[in-house]
Amino acid sequence: NKYLKYDKLNNKGYPVIVEKFEKTFAKLIGTKYALSTNSGTSALHSAYFALGLKKGDEVIAPSLTFHATGTPLLKFTNNVKFCGCDEVGNINILDLKKSVSNKTKLVVITHLGGHPCDMDEIMSLKKKYGFKMVEDCSHAHESRYKNKKVGTFGDINVFSMDRNKLLSVGEGGVLVTNNRDLFEKCLLISDFGFRLQSEIKLKNNKKYKDTGLGFKHRIHPLAAAIALSEIKNLKK
């Protein structure tokens, strides 16, 4: 009941409770921006769109993960290569090294079951080949790799909040990034109306702020309220 006072719109035209959760989550992970969505799948769809994938672009993804890590990719490219996985279910580094090349536009990794991937090796490959990266952190809220939180390595990183996840709201998702342009592109495909009018700032994105880009991925305020209430229990 204490969260009912947030059940009103802020001066940007969307619920106060949603804004409060997003700011709290961004601070928790350690990123500049967080955008809540109605599912982790929607967050992944938004991320793949924002990264500008187009038909034919090569994407590498793990073969052992929930199918929604990969299925939204098929809306943008028909060139998804699946990598083998190691003994804990994460992307196999040796297989990744064989698969990646200068043609690779994006690598998607899943921190399966909360176990962080070998980020030193992956970030070394990212630096060498220049690909973009999305971390699927659906199982990995508050997981760390060498004391650095997952969700802070990739260009856009995604968390699920459905009924089986560590932060459970029934159904929901959230993406995080440090890149303003990517945040705005994710917002443009996820929402429309007053929030876009107030939060789309970059010149190259402003031409879409009146209509958005056709999808409605935004979170329900009740799910945001549950998330804000439960986030304090993550450490437990």
Side-chain angles (χ1 to χ4, degrees), residues 1-50 68 72 134 136-138 141-142 149 151-152 156-202 205-236:
N1 286 341
K2 66 180 180 179
Y3 293 105
L4 290 177
K5 63 183 178 180
Y6 301 118
D7 186 25
K8 58 183 179 180
L9 299 183
N10 60 19
N11 58 6
K12 301 172 186 176
Y14 65 98
V16 172
I17 193 73
V18 172
E19 180 182 28
K20 190 170 181 64
F21 166 67
E22 290 176 352
K23 288 182 175 179
T24 300
F25 195 84
K27 184 177 179 180
L28 174 78
I29 302 301
T31 55
K32 290 182 180 178
Y33 310 106
L35 178 66
S36 52
T37 59
N38 53 31
S39 70
T41 304
S42 292
L44 284 162
H45 177 264
S46 301
Y48 297 152
F49 165 80
V134 169
D136 185 342
C137 309
S138 294
H141 308 65
E142 284 285 84
K149 290 185 181 182
T152 59
I156 310 176
N157 308 304
V158 171
F159 296 78
S160 173
M161 299 188 294
D162 78 9
R163 65 193 183 281
N164 293 321
K165 300 305 188 297
L166 291 167
L167 181 60
S168 175
V169 304
E171 191 68 83
V174 56
L175 62 86
V176 295
T177 183
N178 286 314
N179 185 298
R180 180 73 197 186
D181 183 54
L182 293 178
F183 168 75
E184 288 193 8
K185 284 182 167 64
C186 287
L187 182 55
L188 281 169
I189 202 170
S190 298
D191 211 334
F192 50 81
F194 292 116
R195 183 168 189 181
L196 300 191
Q197 297 287 335
S198 61
E199 293 204 350
I200 301 302
K201 304 293 185 183
L202 300 180
N205 295 325
K206 279 189 172 181
K207 59 184 174 181
Y208 304 111
K209 69 184 179 66
D210 290 329
T211 60
L213 291 170
F215 289 84
K216 186 181 179 185
H217 291 331
R218 63 187 179 218
I219 197 169
H220 192 286
L222 179 58
I226 295 170
L228 188 59
S229 174
E230 289 299 309
I231 201 168
K232 66 181 179 292
N233 294 320
L234 264 177
K235 300 243 183 241
K236 298 178 184 177

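As the structure is a prediction and not an experimental result, all values here were calculated from the model.
With rounding to the nearest 0.5 angstrom, the CG atom of Asp191 is 9.0 Å from the CD1 atom of Ile200. Here the CD1 atom belonging to Ile219 is positioned 11.5 Å from the OG atom belonging to Ser190, to the nearest 0.5 angstrom. The structure places CD1 of Ile156 at 10.0 Å from CG of Leu44, a figure rounded to the nearest 0.5 Å. Distance CG/Leu28 to CD1/Ile231: 5.0 Å, rounded to 0.5 Å. Glu142 CD to Lys149 NZ: the interatomic distance, rounded to the nearest 0.5 Å, is 3.5 Å. With values rounded to the nearest 0.5 angstrom, Leu175 atom CG is found 9.5 Å from Phe25 atom CZ.
When each of Glu199, Gln197, Glu184 is paired with Lys209, the side-chain hydrogen bond (donor to acceptor under 3.5 Å, both in side chains) condition holds for Gln197 and for no other.
Considering every non-hydrogen atom in both Ala227 and Leu167, the closest pair reads O-CD1, 3.9 Å. Pairing each heavy atom of Pro221 with each of Ile17, the nearest pair is O-CG2, 3.7 Å. Contact detail for Thr37 and Val174: the closest heavy-atom pair is OG1-N, 4.0 Å. Annotation for Cys186 and Ser46: closest pair SG-O, 3.7 Å, computed over non-hydrogen atoms. The two residues Pro15 and Asn10 make their nearest non-hydrogen contact at O-ND2, 4.3 Å. The shortest non-hydrogen separation linking Gly40 to Val158 is O-CG1, 3.7 Å.
Judged by distance alone, the side chain of Ser168 and the main-chain N or O of Asp162 form a donor-acceptor pair under 3.5 Å. The main-chain N or O of Lys12 is found under 3.5 Å from a side-chain atom of Ser198 such that the two form a donor-acceptor pair. Lys232 places a side-chain N or O within 3.5 Å of a backbone atom of Ser229 that can act as its donor or acceptor partner. Not a single donor-acceptor pair under 3.5 Å links the side chain of Asn178 to the backbone N or O of Thr31. A donor-acceptor pair under 3.5 Å is absent between the side-chain atoms of Glu230 and the main chain of Val169, judged by distance alone. In this structure a side-chain-to-backbone donor-acceptor pair under 3.5 Å is missing from His217 to Leu187.
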Determine, step by step, whether Thr152 and Asn157 satisfy the side chain to side chain contact (heavy atoms under 4.5 Å, CB included) criterion, reporting the C-alpha distance in whole Å, the side-chain angles of both residues, the deciding distance to 0.1 Å, and the verdict.
-> CA-CA 7 Å; Thr152 59; Asn157 308 304; 5.7 Å; no
Would Leu166 and Phe159 satisfy side chain to side chain contact (heavy atoms under 4.5 Å, CB included), going step by step from the backbone distance to the final call?
-> CA-CA 10 Å; Leu166 291 167; Phe159 296 78; over 6 Å; no
Side chain to side chain contact (heavy atoms under 4.5 Å, CB included) evaluation trace for Asn205 with Lys185 = CA-CA 7 Å; Asn205 295 325; Lys185 284 182 167 64; 3.4 Å; yes
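Relative ring orientation between Phe183 and Tyr33 is described as parallel, the plane-to-plane angle staying below 30° on a 0-90° scale split at 30° and 60°.
When side chains are defined from C-beta on, Val18 does not count as touching Arg218, because their heavy atoms never get closer than 4.5 Å.
For Phe215 and Phe49, the distance between ring centers is not under 6.0 angstrom.
Side-chain atoms of Thr177 and Asn179 form no donor-acceptor pair, as typed in the model, at a separation below 3.5 Å. A side-chain donor from one of Glu22 and Ser36 sits under 3.5 Å from a side-chain acceptor of the other.
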